[in-house]
Amino acid sequence: MPRDSRRLQEIIAERRARADAQRALGHDPYPPRSGRTHSLAEARALFLASEEAGDSAPSQRVAAAGRAQAIRNMGRIAFIDLEDDSGALQVLISQRALGDDWALIDSLDLGDFVEAAGLMIRSRRGEVSLQADALRPLAKALRPPPEKYHGLQDQELRYRRRYLDLMTNAEAKQTLRTRSEVIASMRRFMDARGFIEVETPMLQSEAGGAAARPFLTHLNALDEPRQLRIALELYLKRLIVGGFDKVYEIGRVFRNEGIGSRWNPEFTMLESYEAYADYHDVAAMVEAGLEQIATEVVGSTRLPWRDGEIDFTPPFARVTMVDAVQEYVGVDFREYDSVESITALLREKGVTVPPDAGWGKLFDELVSELVEPQLQQPTFLLDYPVAISPLAKRTPDDPRLVERFELFVGGWELANAYTELNDPVDQRERFERQLAARDAGDDEAELLDEDFLTALEHGMPPTGGLGLGMDRLAMLLTNQQSIRDVILFPQMRAEE
RNA sequence: GGGCCCUUAGCUCAGUUUGGCAGAGCAGCGGACUUUUAAUCCGAAGGUCCUGGGUUCGAGCCCCAGAGGGCCCA
C-alpha cells in the first residue's frame, strides 16, 4: 500500500479535526447505534403514499440515515443528499430548525454517515425531502470519497478497493447484486427440485475431478500436504454411493492457472448429481434452470449480449460433437485418432499446434478454435471423445465416445455434464490412462483417487452429473465481458 | 509467454503532435448566500508528472530498463 501523500494526510487531519468539533458540540462522531425509523426508500414511499391519498404531507416523524453524498450549504439552509442501500433522499435543514446544532453542518464531510429526523415534505423545486429538525453524526469518514460525477474510473482501484467502486458506481453495485441474486435463484431452483445442498472438503489429499493444476498447502495438525479442490465431483459422487439421490454444492474451486477476462484463480461452481438420471435428464434440467433464473433475475429469457442478444428460451440447440466437427471443420474426427493425424489436421486448418500435447489437448484445441466460437446461442454439444472425459460413461453404440455434453453460450463453455461412469473397472482403467498421460508430461491429468474407486466398487447407481460456472452465468445475465466485474474481490498482484 | 495501450493534485482528466515556468473541473481551505439538487459567486492553496537510468543548455514530453493496470493473442 503506497504511503499517503502529504495532501491526503492534510485532508485526513482536517476531517479528524471536524470529528473533534462534533465532540465539542456534544455529539459522538461514532455513536454505537442509529435511531433510524425508515430506510430512505421507505421514507420516500411514506410521503408518496400520503400524497397519493390526497393528504398534503404525512404527520409521521421520520428518522433516516445514510452516507452524505452531497452537501449544499446556502448559509442559513442546507441540503444534504443521503444515500443508503435502498436509495437516496434529500435532507432539507435550516439554521432556525436546528438551533445550536446548526454548527454540525460545518462539521460534516462528504462520505460521513448522518442521521436526520423530521417530517417528509416536497421542496419548492419538487424534490421529496426530509425537512429535518434534528441532525446527528453516525460515523465520520476520514478519507475523501472519489469524485461524485464521474465515479471511480481507475480500473485498478475499482478492483483493489471495491468498496469505493460500490460507493460511487451504481452500475457496478447493481451487477454485483445481480450476481448474488443469480446464486440465490439457482439455490431456489435446485431446492425446489428436491436436491439437498451439501458441503464437501476444500482441502483434499489429491485434488481431482477436473483437468487443472491445484494450489498446494500443508495441514500442520497431521503434518500432511493438502491441495485446494479444483472440482466438487469426486466427493459428491461418494454421496450418491452413500444413498443421497439428489445432491448439489455451490462452492469455490481453485485452479492455479492463468488470470484473464474469463478466468480468476478462484471461482464458483455449481455441481449437482442425480441418481437414476442420465445426461439427457441433466440437459433438460439445465434448460429449465436457466429459463427460471433468467426470468427471476432479469425478467426475461431474452438477454442483451454485446451488440445482440442471447435467447435462453427452451429448448436449446443440440448437436453432437461428431456432427459439429463435421459441420465446422469438415471431417469425422474419429478418423483422426492418432497424435500424428490430428496434428496434421490442425496444421491444415491453420490452428496453432501446442508443443508436447497429447491427443486430447490437440482435439480440445481444434474444437476451441473452430467449433466453440460458432456456438453463440445456447447449444448443447453432445458425446465427447472418451480420451478427454475420464469420468463419463461410454455411449452404447460407440465406445470411443462418452455420454457427455458441454453447454456453450456466447461462445463460452457454461456447463459440463455426464452420464457418470459407475463401472469401477472401467474407471480404474481410465485413471491409469490419465496417469500415463501425466507421466508423459501432462500435469493437468487426473490423479488416481483410490478411495473414490473403492466407493465406486461399493456400487453407484446410474447418475447424471452437472458442473456449471456461476461466475460465467453471472456474466451472461449481466452482459459483462470481464469476470472481474462479477467477482467482488478479484485476484490482483499484491501492492508494493 | 507475445503484441498494443494506460499511469500527471484526494478524484476525473488536459498537457506528449513541435522538449522551454505544471494546467482545468470536482473535492478540500477562507468568505458570501433561507429551496438547492453536478447549487452558485468571490478568493487563496494543493504535484514523487509510476520508478530508475540516459540524451540534452533544458525532459511530464525523446531513448533504455523496470513496476502496476487494461485489452488482444497464445
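Comparing B/rC11 with B/rU34, their P atoms sit 35 Å apart, to the nearest whole Å. Annotation: B/rA9 and B/rC13 have their C1' atoms spaced 11 Å apart (nearest Å). The P atoms of B/rG3 and B/rA65 are separated by 11 Å, rounded to the nearest whole Å. Using C1' as the reference atom, B/rC49 and B/rC33 are 38 Å apart when rounded to the nearest Å. Rounded to a whole angstrom, the distance from the C1' atom of B/rU48 to that of B/rA59 is 16 Å. As rounded to the nearest Å, B/rG23 and B/rU8 have C1' atoms that lie 10 Å from one another. Comparing the P positions of B/rG30 and B/rA45 gives an interatomic distance of 15 Å, to the nearest angstrom. With both ends at atom C1', the span from B/rG15 to B/rG20 equals 14 Å, rounded to whole Å.
The shortest heavy-atom contact between A/L391 and A/F431 is CD2-CZ, 4.1 Å. Closest approach of A/A207 and A/I230 over heavy atoms only: O-CD1, 3.9 Å.
Relative ring orientation between A/W359 and A/F333 is described as tilted, the plane-to-plane angle lying within the 30° to 60° band.
Computed from coordinates, the A/L157 CG to B/rA9 P distance equals 12 Å when rounded to whole Å. For A/D106 and B/rG30, the CG to C1' distance is 12 Å, given to the nearest whole Å. The CD atom of A/Q9 sits 23 Å away from the P atom of B/rA27 (whole-angstrom rounding). As a whole-Å value, the separation of A/I77 CD1 from B/rA32 C1' is 16 Å. Atom NE2 in A/H150 sits about 17 Å away from atom P in B/rA24, given to the nearest Å. Distance, A/I93 CD1 to B/rU35 C1': 14 Å, rounded to whole Å. The CG atom of A/N73 sits 14 Å away from the C1' atom of B/rG30 (whole-angstrom rounding). In this structure, the CG atom of A/D81 is 16 Å from the P atom of B/rU35, given to the nearest Å.
A salt bridge does not link A/E115 with A/R36: every distance from a Lys NZ or Arg NE/NH1/NH2 to an Asp or Glu carboxylate oxygen is 4.0 Å or more. Between A/D106 and A/R18, no side-chain nitrogen of the basic residue sits less than 4.0 Å from a carboxylate oxygen of the acidic one, so the salt-bridge criterion is not met. For A/D20 and A/K140, the salt-bridge test fails: no basic side-chain N is under 4.0 Å from an acidic carboxylate O. In this structure, A/K173 pairs ionically with A/D85, as a charged nitrogen and a carboxylate oxygen lie closer than 4.0 Å. Electrostatic pairing of A/E51 and A/R122 counts as a salt bridge here, judged by a charged N lying under 4.0 Å from a carboxylate O.
Taking only side-chain atoms of A/R72, from C-beta outward, the nucleotide of B/rU35, B/rG10, B/rA39 with the closest atom is B/rA39. Listed nucleotides B/rG47, B/rC11, B/rU34 differ in distance to A/R6; the shortest reach to its side chain belongs to B/rG47. For A/A70, the listed nucleotide lying nearest its side chain is B/rA39; candidates were B/rA39, B/rA27, B/rC13. Listed nucleotides: B/rU34, B/rG10, B/rC26. Nearest to the side chain of A/I11: B/rG10. Residue A/R7 places its side chain closer to B/rA27 than to any other of B/rA27, B/rU35, B/rU37. Of the candidate nucleotides B/rC11, B/rA39, B/rC29, B/rC29 has the atom lying nearest to any side-chain atom of A/R18.
Here A/R143 lies out of heavy-atom contact (under 4.0 Å) with every strand. In this structure, A/E14 reaches the sugar-phosphate backbone alone: every heavy-atom distance under 4.0 Å involves primed, P, OP1 or OP2 atoms, never a base. Across all strands shown, A/L92 has heavy atoms under 4.0 Å from base atoms, whether or not it also approaches the sugar-phosphate. The residue A/L164 sits apart from the nucleic acid: no heavy atom pair falls under 4.0 Å. Using a 4.0 Å heavy-atom cutoff across all strands shown, A/Q90 reaches at least one base atom of the nucleic acid.
Heavy atoms from other residues, nucleotides or ligands lying under 6.0 Å from CZ of A/R302 number 12 at most. The environment of A/R72 atom CZ is dense: over 12 non-hydrogen atoms of other residues, nucleotides or ligands sit within 6.0 angstrom.
If you find the closest nucleotide of RNA chain B to A/K148 and to A/F79, the one lying nearer the 5' end belongs to A/F79. Map A/Q95 and A/P144 each onto its nearest nucleotide of RNA chain B; the residue landing nearer the 5' end is A/P144.
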* Would you mind building the protein contact string for nucleotides 69-74 of chain B? One character per nucleotide, 5' to 3', B for base within reach (heavy atoms under 4.0 Å), S for sugar-phosphate only, - for untouched. => SSS--S

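For the pair A/R404 and A/Y384, the cation sits on the ring face: its NZ or CZ lies under 6.0 Å from the ring centre, inside 45° of the axis. The side-chain tip of A/R472 points at the ring of A/W263 from less than 6.0 angstrom away and within 45° of straight on.
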* **Strand RNA chain B in bracket notation, Watson-Crick/G-U under 3.5 Å with | for pairs to another chain** => (((((((..((((......[..))))..((((.......))))......(((((..]....)))))))))))).

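Contact between the side-chain N/O atoms of A/S129 and the OP1/OP2 oxygens of B/rU35 is not found at any separation under 4.0 Å.
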